[in-house]
Visitor: 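Pasting a structure here, questions to come.
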There are 2 protein chains.
Amino acid sequence: MPLPATEAPGRLQAALASRGLRLTRQRRTILGVVENAKQHLDASQILRHAKKLDPEIDRVTVYRTLKLLKRHGLVDELDLMHMQGEKHFYERRPQRDHIHMACLRCGKIMEFESDLFDRLKGQIQRDCRFHIVVSRLEVGGYCADCRTNPSE
Amino acid sequence: MPLPATEAPGRLQAALASRGLRLTRQRRTILGVVENAKQHLDASQILRHAKKLDPEIDRVTVYRTLKLLKRHGLVDELDLMHMQGEKHFYERRPQRDHIHMACLRCGKIMEFESDLFDRLKGQIQRDCRFHIVVSRLEVGGYCADCRTNPSE
DNA sequence: CTGTTAATGAAACTGTGTTGCAACAGGATA
DNA sequence: TATCCTGTTGCAACACAGTTTCATTAACAG
Ligand SMILES: [Zn+2]
Ligand SMILES: [Zn+2]
Ligand SMILES: [Zn+2]
Ligand SMILES: [Zn+2]
């Protein structure tokens with residue numbers, strides 16, 4: 001369940017356009033898929049969704065577009081603790097970073113925002129004189145449901 | 001060339017033994033490589049180091065041993081922000097978690113321990129009623145050297 | 001020392017992501 | 001709207017990380 005469902009339709013498209021990058025039919029389709037995804041998708045899921053809207057789209061274009069978005073800091077790449085093999089997942093970079101929690105039993109992915117996380121990043125930048133461009137905090141463990149119903 | 005596998009009996013070996021797992025010649029070699037590594041190694045680097053000590057070792061055994069160590073929480077798997085392709089890196093799980101900082105310019109990897117990080121994990125466990133088993137915080141950005149010498 | 005059983009090595013395989021290149025199309029310009 | 005330039009696409013072949021299968025080997029308990 002993505003946190004704030006506040007949709008800004010076409011934000012990715014607008015961002016690409018403002019950088020002078022070509023908005024092709026295929027890119028528009030892929031951007032739409034990423035932007036409107038209800039959960040974290042990997043490259044092959046993005047391809048599958050995109051093919052429903054435009055059957056001509058090739059997987060190479062999906063990979064190239066994801067790489068482009070990543071390079072421009074418009075999407076973040078996640079592992080989700082590699083619970084489903086070596087896949088990588090993508091989400092539009094949010095206004096405020098969040099933590100990903102992956103339940104090792106039921107596979108649920110939860111998100112969490114925290115002031116402490118923001119302060120921690122501030123501390124890293126100050127104490128290590130390190131300018132943070134991208135950050136990723138993922139934890140694996142057991143969710144509330146799985147802790148109270150370990151039998152099911 | 002092949003050195004005796006009678007290396008200093010590290011903590012990893014002791015941990016495996018205490019769990020009733022077989023300590024084969026190959027496992028001892030691989031454990032020694034991971035334990036004595038001076039930097040973060042990926043699977044193929046671990047294989048290369050291990051082959052110097054025991055040329056018979058197969059890459060499959062390296063993968064299987066890493067999986068075993070991961071499953072038992074004895075090593076952590078890192079991405080280091082995927083700066084060198086999709087490789088994954090390994091390190092012995094430390095007594096206290098640390099943050100990995102990867103410089104996007106010079107490729108340097110730095111480590112950092114922080115009370116704030118420990119408190120953040122505590123907050124997650126309390127506020128989300130989520131029992132943390134493993135956590136990973138990686139940040140990408142620019143290190144102090146690269147910020148002061150952007151010319152070199 | 002012996003037997004049981006887990007671990008290994010070799011090869012074939014899966015799946016993710018990349019590269020080279022000819023054909024194509026976005027979008028600027030006139 | 002037509003033209004051009006250049007970045008983008010689709011395809012096939014490739015590269016590489018990691019897994020599976022199975023016959024053989026060896027840990028270690030008895
Ligand atoms: Zn759960
Ligand atoms: Zn998310
Ligand atoms: Zn990864
Ligand atoms: Zn640097």
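The figures here come from the full heavy-atom set of this structure, side chains too, leaving out hydrogens, waters and symmetry mates. Letters A, B, ... are given to chains in the order of the sequence lines, protein chains preceding strands, and every chain is numbered from 1.
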Visitor: Measuring from atom CE of A/M101 to atom NE2 of B/H131, what distance do you get when rounded to the nearest 0.5 angstrom?
Guide: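 Answer for the CE-NE2 pair, A/M101 versus B/H131, is 14.0 Å.
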
Visitor: Tell whether A/R22 reaches the base of D/dT6 with its side chain through a donor-acceptor pair below 3.5 angstrom.
Guide: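 Checked by distance alone, the answer is yes.
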
Visitor: Quick check: on DNA chain C, is the nucleotide nearest B/L21 upstream (toward 5') of the one nearest A/L23, or the reverse? Name the residue that is more 5'.
Guide: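 Taking each residue's closest nucleotide, the earlier one in sequence belongs to B/L21.
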
Visitor: Rounded to the Å, how far apart are B/H82 NE2 and C/dT16 C1'?
Guide: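 It works out to 11 Å between those atoms.
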
Visitor: If you measure only the distance, is there a donor-acceptor pair under 3.5 Å linking the side chains of A/T65 and A/Q26?
Guide: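 No.
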
Visitor: Measure the spacing between CG of B/L116 and CG of A/D127 and express it to the nearest 0.5 Å.
Guide: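 Atom-to-atom, B/L116:CG and A/D127:CG are 9.5 Å apart.
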
Visitor: Please round to the nearest 0.5 Å and tell me the distance separating atom CG of A/D76 and atom CZ of A/R92.
Guide: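 It is 11.5 Å, given to the nearest 0.5 Å.
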
Visitor: Atom NE2 of A/H72 and atom P of D/dG7: how far apart are they, to the nearest Å?
Guide: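 Rounded to whole Å, this separation is 13 Å.
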
Visitor: Think B/Q26 has a side-chain N or O under 4.0 angstrom from the OP1 or OP2 of D/dT25?
Guide: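 So the side chain of B/Q26 is outside the cut-off, no N or O lying under 4.0 Å from OP1 or OP2 of D/dT25.
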
Visitor: What is the distance, to the nearest angstrom, from the CG atom on B/L31 to the P atom on C/dA7?
Guide: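 So the two atoms are 13 Å apart, to the nearest Å.
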
Visitor: With ring centroids as reference points, do A/H88 and A/H82 lie under 6.0 angstrom apart?
Guide: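 Under 6.0 Å, so yes.
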
Visitor: Measure from CZ on B/R28 to P on C/dA7 and round the result to the nearest Å.
Guide: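 Rounded to whole Å, this separation is 14 Å.
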
Visitor: Below 3.5 Å between N/O atoms, which protein atoms pair up with nucleotides 17-20 of chain C? Just atom names and distances, please.
Guide:
unit_1	atom_1	unit_2	atom_2	d
C/dG17	OP1	A/H88	ND1	3.2
C/dG17	OP2	A/Y63	OH	3.4
C/dG17	N7	A/R59	NH1	3.2
C/dG17	O6	A/R59	NH2	2.8
C/dT18	OP1	A/K67	NZ	3.4

Visitor: Is any side-chain N or O of B/T24 closer than 4.0 Å to OP1 or OP2 of C/dA7?
Guide: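 B/T24 to C/dA7 OP1/OP2: no side-chain N or O under 4.0 Å.
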
Visitor: Can you tell me how far C1' of C/dT8 sits from CD1 of B/I30, to the nearest Å?
Guide: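 After rounding, the reported distance stands at 10 Å.
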
Visitor: Provide, to the nearest angstrom, the distance between the CG atom belonging to B/L47 and the C1' atom belonging to C/dT8.
Guide: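 Answer to the nearest Å: 14 Å.
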
Visitor: Expressed as a whole number of angstroms, how long is the span from B/D58:CG to D/dA23:P?
Guide: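 Result: 18 Å.
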
Visitor: Side chain to side chain donor-acceptor pair (under 3.5 Å) for A/H40 and A/E91? Distances and angles first, verdict last.
Guide: CA-CA 6 Å; A/H40 305 96; A/E91 70 180 356; 2.9 Å; yes

Visitor: Side-chain N or O of A/R25 versus OP1/OP2 of C/dA25: is the shortest distance under 4.0 Å?
Guide: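 Negative; the distance criterion is not met.
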
Visitor: With side chain to side chain contact (heavy atoms under 4.5 Å, CB included) as the criterion, how do B/Q39 and B/F89 come out once you've worked through the C-alpha distance, each side chain's angles and the decisive distance to 0.1 Å?
Guide: CA-CA 10 Å; B/Q39 67 275 74; B/F89 299 84; over 6 Å; no

Visitor: In whole angstroms, how far is the C1' atom of C/dC24 from the CD atom of A/E56?
Guide: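 So the CD-C1' distance, A/E56 to C/dC24, works out to 13 Å.
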
